[in-house]
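Inspection log for the structure reproduced underneath, given as structure tokens.
Proteins get letters first, then strands, A, B, ... in listed order; numbering begins at 1 in each.
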2 protein chains.
Amino acid sequence: MGIFSKTCEYAIRAVFFIAHRTAKGGRVGIKEIASGINSPEHFLAKILQDLSRKNIIRSIKGPNGGFYMDDATLKRRLSEVVEAVDGNSLFTGCGLGLVYCSEINPCPLHNEFKGIRARIYEMLQNTTIEAFNEDLNLGITSLKK
Amino acid sequence: MGIFSKTCEYAIRAVFFIAHRTAKGGRVGIKEIASGINSPEHFLAKILQDLSRKNIIRSIKGPNGGFYMDDATLKRRLSEVVEAVDGNSLFTGCGLGLVYCSEINPCPLHNEFKGIRARIYEMLQNTTIEAFNEDLNLGITSLKK
DNA sequence: TAATTAAAAGATGTTTTTGTCTTTTAATTT
DNA sequence: AAATTAAAAGACAAAAACATCTTTTAATTA
């Protein structure tokens, strides 16, 4: 198990892929996205439907339809994608799963985790989707295999 | 979903509980541990069996038996507990779940995650189980509810 | 050495996550 | 308007995670 759920991993990879692929206009279909990020097509379709409903990405049906991103969605932060899929427990939850863990009633790892959680949030919060396009363009980073 | 699996959360809480409860000798039974950390008894039993096999904790059967920790197990690092239960993917895996992600073929979040992973590992690596006893003794931290 | 205690082990059940397949709806194109 | 395209939606299936219950084994105590 990683930091994100499998669903969330697919979501992030797909959003990066769509942003990169449609930066200069156009749409991209689910088949191309799924093969482009190495994910199960129909499962990813569900995820993207959800992200579309939540305005993280855009979609349009019919010929020449597909998924894409406009100025507004390109400006979204990675934290919004993660939160849309996995909720905010990564940013707010107790490391040991204790519901009543808090500043007043901390678990043994409370303070240690505070820093880590903050760092994760900061990283996801400080970068917009489009910020990753350039490296993908240059082939510096990769989304597959 | 948190950073650790539910199994791992129970494991860490139980190990802290056992360490704290048997620091001055003696054993503690599964029932007391389960209720002490608010976890399902039989499920926890499986987890502790596994930890015992892996020498993270000690156990002994029969009257006056139970789980306990000796000098060697008290010196174990939190990272060893986590690795025993969840494996090392938290410390080594790609944030986006890409098998071939590496320094040479990095995913878009590779460098961002490197720092976070290192920080998590460092924290889990730098603390022994017994290090958490004092705060528990003083009632500063809590393992329940 | 028989009874008792408590963990180990085995079998089984439930829920959540992940994945697949089919049908429907909304666009576009001819 | 009919045909075509592609996402949306719904139903279903497999795998993994989480949980429970029962039986067995290894100690201790009387």
What is the distance from [atom1] of [X] to [atom2] of [N], rounded to the nearest Å?
{"X": "A:Ile37", "N": "C:dT18", "atom1": "CD1", "atom2": "P", "result": "14 Å"}
{"X": "B:Leu44", "N": "D:dC18", "atom1": "CG", "atom2": "P", "result": "13 Å"}
{"X": "A:Glu41", "N": "C:dT20", "atom1": "CD", "atom2": "P", "result": "10 Å"}
{"X": "B:Lys61", "N": "D:dT29", "atom1": "NZ", "atom2": "P", "result": "17 Å"}
{"X": "A:Phe43", "N": "D:dA14", "atom1": "CZ", "atom2": "C1'", "result": "12 Å"}
{"X": "A:Asp86", "N": "C:dT16", "atom1": "CG", "atom2": "P", "result": "16 Å"}
{"X": "B:Lys31", "N": "C:dT5", "atom1": "NZ", "atom2": "P", "result": "12 Å"}
{"X": "B:Gln49", "N": "C:dG10", "atom1": "CD", "atom2": "C1'", "result": "10 Å"}

Quick one: label A:Ile30 by what it contacts on the DNA or RNA (base, sugar-phosphate, nothing), any heavy atom closer than 4.0 Å.
-> sugar-phosphate
Give one of base, sugar-phosphate or nothing for A:Lys46, where a contact means two heavy atoms less than 4.0 Å apart.
-> base
Side chain of B:Phe67 - closest among C:dT22, C:dA7, C:dT5 = C:dA7
So, is [X] near the phosphate of [N], with a side-chain N or O under 4.0 Å from OP1 or OP2?
{"X": "A:Ser52", "N": "D:dA7", "result": "no"}
{"X": "B:Thr7", "N": "D:dC18", "result": "yes"}
{"X": "B:Arg53", "N": "C:dA9", "result": "yes"}
{"X": "A:Arg58", "N": "D:dA7", "result": "no"}
{"X": "B:Tyr10", "N": "D:dA19", "result": "yes"}
{"X": "B:Ser59", "N": "C:dA6", "result": "no"}
{"X": "B:Asn64", "N": "D:dT29", "result": "yes"}

Side-chain donor-acceptor distances from residues 36-51 of chain B under 3.5 Å, at least two apart:
from: B:Asp50; atom 1: OD1; to: B:Arg53; atom 2: NH1; distance (Å): 3.3
from: B:Asp50; atom 1: OD2; to: B:Lys54; atom 2: NZ; distance (Å): 3.3

Identify whether B:Ile33 and B:Ile60 are in the same connected component of the hydrophobic contact network (ILVMFWY, side-chain heavy atoms under 4.5 Å).
-> no
Under the ring pair (Phe, Tyr, Trp, His ring centres under 6.0 Å) rule, what do B:Phe17 and B:Phe67 come out as? Steps first, then yes or no, please.
-> CA-CA 10 Å; B:Phe17 185 89; B:Phe67 297 90; over 10 Å; no
When A:Lys6 and B:Val28 are each assigned the nearest nucleotide of DNA chain C, the 5'-most assignment goes to B:Val28
Indicate whether the side chain of A:Asn105 and that of A:Ser102 have a donor and an acceptor atom separated by less than 3.5 Å.
-> no
Does the ring of B:Tyr68 carry B:Arg58 above it, NZ/CZ under 6.0 angstrom from centre and within 45° of its axis?
-> no
